[in-house]
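Convention: sequence-line order gives letters A, B, ...; per-chain numbering from 1.
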2 protein chains.
Amino acid sequence: MPSQPRTVKHQPGPRRRHGLTREQIAKAALDLIDAEGLDGLTMQRLAGSLGIGTMTLYGYFRSKDELLDAVIDAASEPEGSFTRQGPWREQLAELVRLNYRRLVRHPALVQIRLRRPILRPRSLRFGETILAILHEAGFGAEEAAGAFRLIFTYVFGYAALSPQQTVEEQRRETAAAIALLPPEQYPHLTDTANEVSMAMAGENQFEYGLQRVLDGVEAAHGRQVAG
Amino acid sequence: MPSQPRTVKHQPGPRRRHGLTREQIAKAALDLIDAEGLDGLTMQRLAGSLGIGTMTLYGYFRSKDELLDAVIDAASEPEGSFTRQGPWREQLAELVRLNYRRLVRHPALVQIRLRRPILRPRSLRFGETILAILHEAGFGAEEAAGAFRLIFTYVFGYAALSPQQTVEEQRRETAAAIALLPPEQYPHLTDTANEVSMAMAGENQFEYGLQRVLDGVEAAHGRQVAG
DNA sequence: ACCTGAACACCGTTCAAGT
DNA sequence: ACCTGAACACCGTTCAAGT
């Protein structure tokens, strides 16, 4: 169950011995995960990087799970640069791009989300804005919810399936695996090894798929309106 | 780097003391992951369930990673029921549905893929068949590779982001989180809480998104052919 | 040749003790 | 009141020893 972000004691000044706040600790944890993956965040290492005893962390957070909630909040600062302008499709595209970049900046969000749903108010802003745009574009409630789920699946799915390795490493690895296949059993993969290797890594592919997803949402809406 | 599925010794008969094969062990590991998640698979527990010593496993697999490769193969039996029939769009849809069901049957595949790319020949069959269908439909190499990546992202992303909890639990949790939001700040989410909760859980949503993805692929192909 | 217990360097968290 | 070392029940894997 999701735990509330309550402070252990409600005191304005840093009465604590180390002068640390929950937010500062969460930020340090976020940096650790972004740099080394979710497995890289251990209570021992986090405490070590802050120069405090491991058990001191449990004075700020009841468990590692509660710490992860704070990490999510730390990574979910509102997107200041987003302003709703232009046709609904372009508004959606821009919002999705901004949130995709956030996920690239903070792989921690993706890795945590793969373990459990993220339902913090700050994170739900993304859904609220998408629904607002679709509502204004004339989408019904069910239609809008379906489109939101698809868009959410695409942006998180893309980020989740993008490797932590460099683009170059990934392409080489894909190409190497294809090169090992018997061409007569895998003719198309063999013939298009280059194109497939390119498509499986790199951020330019994100935009291509996003446009296809929006094509699909738009097409269904057009049929709905027409029918 | 991906390790080869080589047997430690090439002997036809089960000369081994326990009479166990790599395949049998991999199958047991697959069952463990499917039932309890990737974290549920530990060398100690797997050995225990097989009634052998932990270290005996290392006589069959050089490392846990090599064991996971065998688990992937065990879960990737070819889809016997798939026959290419009808228009390309329906062929794609059916192939994707079959593979989605495979992922639902074997969450192990999704959980392993989130840790590293899956590049085993048996798994690459999926890509080969998609490329074959698209090629026959007149897609160019780059266009086909882009469509493959999108479809792959959708099917794995959808499976990866689907919770391990029951559909009912998930819906209740989503609805509860929305109910906690201040309605004046989240008006659309509040108004469509029901539709959103439904859309975020349950397999019927998979088909909706799949059709939108195929709409997008089809629309882009139509423009390509027309232009 | 095949199998395996003990040991090592890790985890998250409980508990009891320090200041 | 705040902090923390020791300890517990785990991990994957190395090593040396059993049959």
Can you tell me the distance, in whole Å, between the [atom1] atom of [X] and the [atom2] atom of [N]?
X: A:Phe61; N: C:dG12; atom1: CZ; atom2: P; answer: 15 Å
X: A:Tyr60; N: C:dG12; atom1: OH; atom2: P; answer: 19 Å
X: A:Glu66; N: C:dT13; atom1: CD; atom2: P; answer: 11 Å
X: B:Leu20; N: C:dC2; atom1: CG; atom2: P; answer: 13 Å

Note to self: Return the CZ to CE distance between B:Phe152 and A:Met200, rounded to the nearest 0.5 Å.
What the structure shows: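 So the CZ of B:Phe152 and the CE of A:Met200 are separated by 4.5 Å.
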Could you give the side-chain donor-acceptor pairs of residues 27-34 of chain B under 3.5 Å, partners two or more places apart or in another chain?
residue, atom, partner, partner atom, Å
B:Lys27, NZ, B:Asp31, OD1, 3.1
B:Lys27, NZ, B:Asp31, OD2, 3.1
B:Asp34, OD1, B:Ala108, N, 3.0
B:Asp34, OD2, B:His106, ND1, 2.6

Notebook entry, point to check: Parallel under 30°, tilted from 30 to 60°, perpendicular over 60°: which one fits the rings of B:Phe206 and B:Tyr100?
Noted result: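 Ring orientation of B:Phe206 relative to B:Tyr100: parallel.
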Checklist line | Heavy-atom closest contact (B:Leu131 atom, B:Phe148 atom, distance) | finding: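 Between these two residues, the closest heavy atoms are CD2-CB, 4.4 Å.
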If you restrict it to nitrogen or oxygen atoms, what contacts under 3.5 Å exist between nucleotides 5-11 of chain C and the protein, and what is each distance?
residue, atom, partner, partner atom, Å
C:dC11, OP1, A:Thr42, OG1, 3.3

Next item on the list: Would you verify whether the NZ or CZ of B:Arg62 falls within 45 degrees of the ring axis of B:Tyr58 while also being under 6.0 Å from that six-membered ring's centre?
Entry: no
Side-chain atoms of residues 178-191 of chain A: list all donor-acceptor pairs with protein atoms under 3.5 Å, sequence neighbours left out, distances to 0.1 Å.
residue, atom, partner, partner atom, Å
A:Tyr186, OH, B:Pro121, O, 2.8
A:His188, ND1, B:Glu128, OE2, 3.1
A:Thr190, OG1, A:Tyr186, O, 2.7

Check: Does a side-chain N or O from A:His18 land closer than 4.0 Å to OP1 or OP2 of D:dA1, or not?
Finding: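 For D:dA1, neither OP1 nor OP2 has a side-chain N or O of A:His18 closer than 4.0 Å.
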Margin query: Side-chain N or O of B:Tyr58 versus OP1/OP2 of D:dT13: is the shortest distance under 4.0 Å?
Written below: yes
Next item on the list: List the steps, then state whether salt bridge (Lys or Arg N to Asp or Glu O under 4.0 Å) holds for A:Glu77 with A:Arg122.
Entry: CA-CA 8 Å; A:Glu77 303 270 321; A:Arg122 227 186 235 188; 3.8 Å; yes
Next item on the list: Return the set of residues passing side chain to side chain donor-acceptor pair (under 3.5 Å) with B:Arg116 (not counting sequence neighbours), or none when no residue passes.
Entry: B:Asp69
Next item on the list: Please determine, by modelled atom types, if B:Tyr158 and A:Arg149 share a side-chain donor-acceptor pair under 3.5 angstrom.
Entry: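 Per modelled atom types, B:Tyr158 and A:Arg149 side chains form a pair under 3.5 Å.
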Notebook entry, point to check: Taking a pair as Watson-Crick (N1 to N3 plus N6-O4 or O6-N4) or G-U wobble (N1-O2 and O6-N3), both under 3.5 Å, which stems of 3 or more consecutive pairs involve DNA chain C?
Noted result: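 Stem list for DNA chain C: C:4-8 with D:12-16, C:12-16 with D:4-8.
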Checklist line | Short N-O contact, B:Glu207 and B:Arg97, less than 4.0 angstrom | finding: yes
Note to self: Can you tell whether the side chains of B:Asp39 and B:Arg45 come within less than 4.0 Å, N to carboxylate O?
What the structure shows: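 Salt bridge: no.
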Notebook entry, point to check: Which residues in residues 27-40 of chain A have at least one heavy atom lying under 4.0 Å from any atom of DNA chain C?
Noted result: none
